[in-house]
Amino acid sequence: MNRYDINSLNEQQKEALFQTEGVVLVTAGAGSGKTRLLTHRICYLLEKGVSPFNILAITFTNKATNEMKERVLQMCGKHLWISTFHSMCVRILREKIDLLDGFDKNFTIIAEADRDRILKDILKKYNLDEDERPRVIAHLENIKNKGLDITEYFCELKKIEKNKMYKFYEDICYDYEEYLHKNNALDFDDLLNRTLELFLTNKKVLQEYAQRFEYILVDEFQDTNLVQYKLIKLLSSVHKNLFVVGDEDQCIYSWRGANFQNIFNLQKDFKDVKTFKLERNYRSTKNILTLANNVIQNNNERMKKSLWTEKDAGDGPVVYNAFDERDEALFVSKTIEELVSEGYSYSDFAVLMRINALSRNVEEGLLAYQIPYKIYGGFKFYERAEIKNVLAYLSIFVNPKDEISLLKIINFPRRGIGEIAIKNLQEEANDKQVLEYLLSDKFKFSKYFSKLSKFVETYKSLSAQMNTLSVSDFVSKVLKEFGILNEFVGRDEESINRMGNIDSLLLSVEEYEKDAENPSLGEYLAQIMLKSDSDEIQENGFVSVATIHAVKGLEFKVVFILGLEEGIFPLARASFSVSEMEEERRLMYVAITRAEEKIFLIHASKRYMYGKSNFQKESRFLGELNIVDKKKPKIFGINTKQASESENFESGFEVGDKVFHMRFGFGQIVNISDDGFVADIKFENTGTKSLMLNLANLEKVEEDE
DNA sequence: AAGGTTAATGTTTAG
DNA sequence: CATTAACCTT
């Protein structure tokens with residue numbers, strides 16, 4: 001499957017592959033084998049004698065990076081520079097950021113939560129209301145996504161509209177930048193922007209990289225923002241061998257600055273761009289592709305293209321009108337169970353939704369049916385409280401200027417340093433960073449000395465050992481000597497959970513150490529900040545429950561799309577904007593094209609959300625799919641004919657009956673609902689479950705004593 | 001400074 | 001409903 005074999009490519013793919021020189025744009029529909037093309041092209045270049053050192057491949061997610069690395073290694077046994085934009089920039093900055101005034105290579109990468117906290121403090125300084133923050137963030141993101149100058153940006157805005165807040169926003173943006181600078185810290189956007197700045201201000205550095213990368217390949221080009229586009233342009237300025245693959249129909253990150261117009265800009269900025277179109281789909285059945293084509297043709301902002309396949313028609317889509325969210329979950333669970341009994345594996349399933357909030361209901365259903373699942377999207381590893389604290393401890397060793405981290409842990413474990421103490425310490429430190437002050441002789445005369453002397457001593461002693469110990473040994477020592485571990489010890493479930501998180505942190509350090517060429521704590525911290533829980537999506541033996549954003553680039557045999565209701569998918573706010581509605585539609589297109597064999601489209605008539613039960617209108621997208629041959633679901637949730645007629649059900653079971661269930665094993669009925677449908681059954685090994693007697697496959701067990 | 005109680009508030013989210 | 005920030009009490 002992953003062997004290098006150019007003949008396994010189709011004609012269009014081959015043409016694109018052989019066009020190694022110059023700027024090449026491949027518009028590749030979903031499932032048209034673009035990863036295959038990319039990996040083959042890399043191997044082809046290597047075979048032609050290009051050194052792996054001179055190739056750069058950029059992907060959108062860590063998962064795609066890992067996969068491509070693995071495939072290239074498998075196919076041609078070579079390691080090369082394959083990474084996401086962000087990790088590429090980290091790598092460049094860790095080598096060269098010294099050239100930017102005030103920064104050094106031990107910079108801290110700060111998360112969004114940190115940014116929010118910093119902005120909160122700044123807003124307070126200006127006596128501005130908390131709810132100004134989203135507006136400031138919007139401006140800040142706008143500036144950073146486009147790589148603009150703060151002053152110029154607001155200048156332009158003021159020309160269009162008079163708003164006296166702009167002056168404040170401008171000052172706040174500058175304060176924020178200054179704060180990060182003082183802390184030797186970069187946020188995610190800065191990683192890209194500072195690299196761009198580096199290239200623009202240091203021609204020699206740019207030259208070094210542009211000279212090196214003879215061939216550059218970029219995947220998911222439609223989701224690049226302007227800064228990323230500029231970076232690519234600069235990096236390919238010497239050799240001008242740029243190969244980009246994209247599909248404007250799959251641009252689903254424009255709310256974050258992604259601009260699929262970059263596809264068209266490319267044709268303007270480089271003359272003589274060779275373009276190729278891949279429309280043959282290798283992933284899905286005809287029926288599924290028809291749905292995808294039908295829905296996306298409602299968008300105007302796109303180039304016309306239409307996917308086709310030589311695969312069979314396959315199963316038609318199943319539309320299920322669930323009674324409510326519980327019914328939806330039940331339908332999903334039962335369908336999965338049925339299909340598993342037919343031979344599907346759990347990892348063949350994706351349960352997709354527009355918003356994370358829907359995952360909880362499905363979770364309950366899957367849990368009840370004992371279907372192994374993993375939820376992706378939402379939470380990041382470093383966002384867990386314990387992890388955050390430990391990482392903050394580590395960070396102040398790597399980057400002593402990192403006051404954001406210091407303040408996070410200065411009172412953890414408790415040292416009697418509260419808000420006021422912190423303020424005083426900052427004052428005492430004068431214009432120094434607090435940690436620098438704590439380490440100075442002057443601090444001995446502070447009234448906080450007694451409270452913090454042990455902390456300072458431990459810091460000094462560990463700091464001296466940092467370079468002699470391995471990264472993992474150092475981390476263990478930090479955990480122990482600052483008394484962090486003691487904080488997490490306990491017998492309750494929460495403590496056990498926390499310890500588990502700490503364990504997985506240690507494990508990730510060890511894993512990093514094993515793979516890294518030159519392991520260092522600084523590099524470890526940088527890469528952990530770029531990790532997300534979606535990196536390991538589609539794990540063997542588990543159903544993937546995820547947002548559509550999280551499954552970009554993946555494929556599943558069976559796909560469920562939940563919550564196909566107006567207000568959820570498409571989101572309510574999209575109704576006011578044509579471009580946002582088109583993005584929702586692209587999202588729908590992405591969701592459908594994940595499916596290889598079967599697709600289930602579900603909308604509930606009633607949905608409980610945010611503490612309220614609402615009647616839901618079915619999504620406009622369902623209509624746009626133009627389903628001719630409506631297939632009735634074979635399986636129902638609770639919304640069966642019997643159930644909706646609300647007659648009583650005669651199951652033949654009674655309270656006290658011993659029963660056997662295929663999955664849950666032996667159990668005893670402890671209660672049956674008045675209408676006879678639902679039985680609470682206490683299973684020997686798996687606890688009490690509520691099952692529908694008309695549907696659950698229960699056997700009566702006779703007692704033989 | 002810590003812990004408990006009340007009130008507010010619900011776009012998506014990679015790196 | 002469930003989470004989280006803000007507030008209040010000790």
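Atoms considered below: every heavy atom in the structure, side chains included; atoms not considered: hydrogens, waters and symmetry mates.
dT13(B) atom C1' lies 18 Å from atom NZ of Lys144(A), rounded to whole Å. dT13(B) atom P lies 17 Å from atom CD1 of Ile137(A), rounded to whole Å. To the nearest angstrom, P of dG15(B) lies 8 Å from CZ of Arg256(A). Atom pair Glu112(A):CD and dA14(B):P shows a separation of 10 Å (rounding to whole Å applied). Here dG15(B) presents its P atom at 17 Å from CG of Leu391(A), a figure rounded to the nearest Å. Across the protein-nucleic acid pair, Met609(A) atom CE and dT12(B) atom C1' stand 12 Å apart, rounded to whole Å. Rounded to an integer number of Å, the gap from CD of Gln228(A) to C1' of dG15(B) is 9 Å. Rounded to an integer number of Å, the gap from CD of Glu383(A) to P of dG15(B) is 13 Å.
In this structure, Trp255(A) and Tyr253(A) have tilted ring planes: the angle between them lies in the 30° to 60° band. Between Phe188(A) and His86(A), the ring planes are perpendicular. Angles over 60° get that label, and only those under 30° would be called parallel. Taking the six-membered ring where tryptophan is involved, the planes of Phe482(A) and Phe455(A) are tilted, since the angle between them lies from 30° to 60°.
Contacts of Phe85(A) with the nucleic acid, taken as non-hydrogen atoms under 4.0 Å apart, are absent. Note on Glu584(A): nothing from the nucleic acid sits closer than 4.0 angstrom, heavy atoms only. Backbone-only engagement by Lys120(A) is indicated by non-hydrogen atom pairs under 4.0 Å involving sugar-phosphate atoms exclusively.
For Met529(A), the side chain to side chain contact (heavy atoms under 4.5 Å, CB included) test picks out Ile109(A), Ala111(A), Tyr382(A), with sequence neighbours left out. Under the side chain to side chain contact (heavy atoms under 4.5 Å, CB included) criterion, Ser575(A) pairs with Met581(A), Arg620(A), sequence neighbours left out. Taking the side chain to side chain contact (heavy atoms under 4.5 Å, CB included) definition, one finds that Glu580(A) meets it with Arg573(A), Ala574(A), Ser577(A), sequence neighbours left out. Shown here are the side chain to side chain contact (heavy atoms under 4.5 Å, CB included) partners of Thr65(A), two or more places apart in sequence or in another chain: Thr59(A), Lys69(A), Ile82(A), Thr84(A). For Lys230(A), the side-chain hydrogen bond (donor to acceptor under 3.5 Å, both in side chains) test picks out no residue, with sequence neighbours left out. Contacts of Phe260(A) classified as ring-ring contact (aromatic ring centres under 6.0 Å, His included), with partners at least two apart in sequence or in another chain: none.
Between Thr547(A) and dT13(B) there is a side-chain N or O to OP1 or OP2 distance below 4.0 Å. OP1 or OP2 of dT13(B) sits under 4.0 Å from a side-chain N or O of Asn356(A).
Comparing the C1' positions of dT12(B) and dA5(C) gives a spacing of 23 Å, expressed to the nearest Å. Between the C1' atoms of dT3(C) and dA14(B), the separation comes to 24 Å (whole Å).
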* What does nucleotides 2-11 of chain B look like as a protein-contact string, B for base, S for sugar-phosphate only, - for none, at under 4.0 angstrom between heavy atoms? -> SS------BB
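Counting 5' to 3', DNA chain C first comes under 4.0 angstrom of a heavy atom of chain A and last does so at the ends given by dC1(C) to dA6(C).
Checking dA14(B), dG15(B), dT12(B) against every side-chain atom of Leu530(A), the shortest atom distance belongs to dG15(B).
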Solution key, residues 137-147 of chain A side-chain donor-acceptor pairs under 3.5 Å, sequence neighbours excluded:
unit_1	atom_1	unit_2	atom_2	d
His139(A)	ND1	Tyr153(A)	OH	2.9
Glu141(A)	OE2	Arg115(A)	NH1	3.4
Asn142(A)	OD1	Lys146(A)	NZ	3.0
Lys144(A)	NZ	Glu177(A)	OE2	3.0
Lys144(A)	NZ	Asp187(A)	OD1	3.4
Lys144(A)	NZ	Asp187(A)	OD2	2.8
Lys144(A)	NZ	Asp190(A)	OD1	2.7
Lys144(A)	NZ	Asp190(A)	OD2	3.3
Asn145(A)	ND2	Glu141(A)	O	3.2
Asn145(A)	ND2	Arg256(A)	O	3.1

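Position along DNA chain B of the nearest nucleotide to Lys451(A) versus His549(A) favours Lys451(A) as the more 5'-ward residue.
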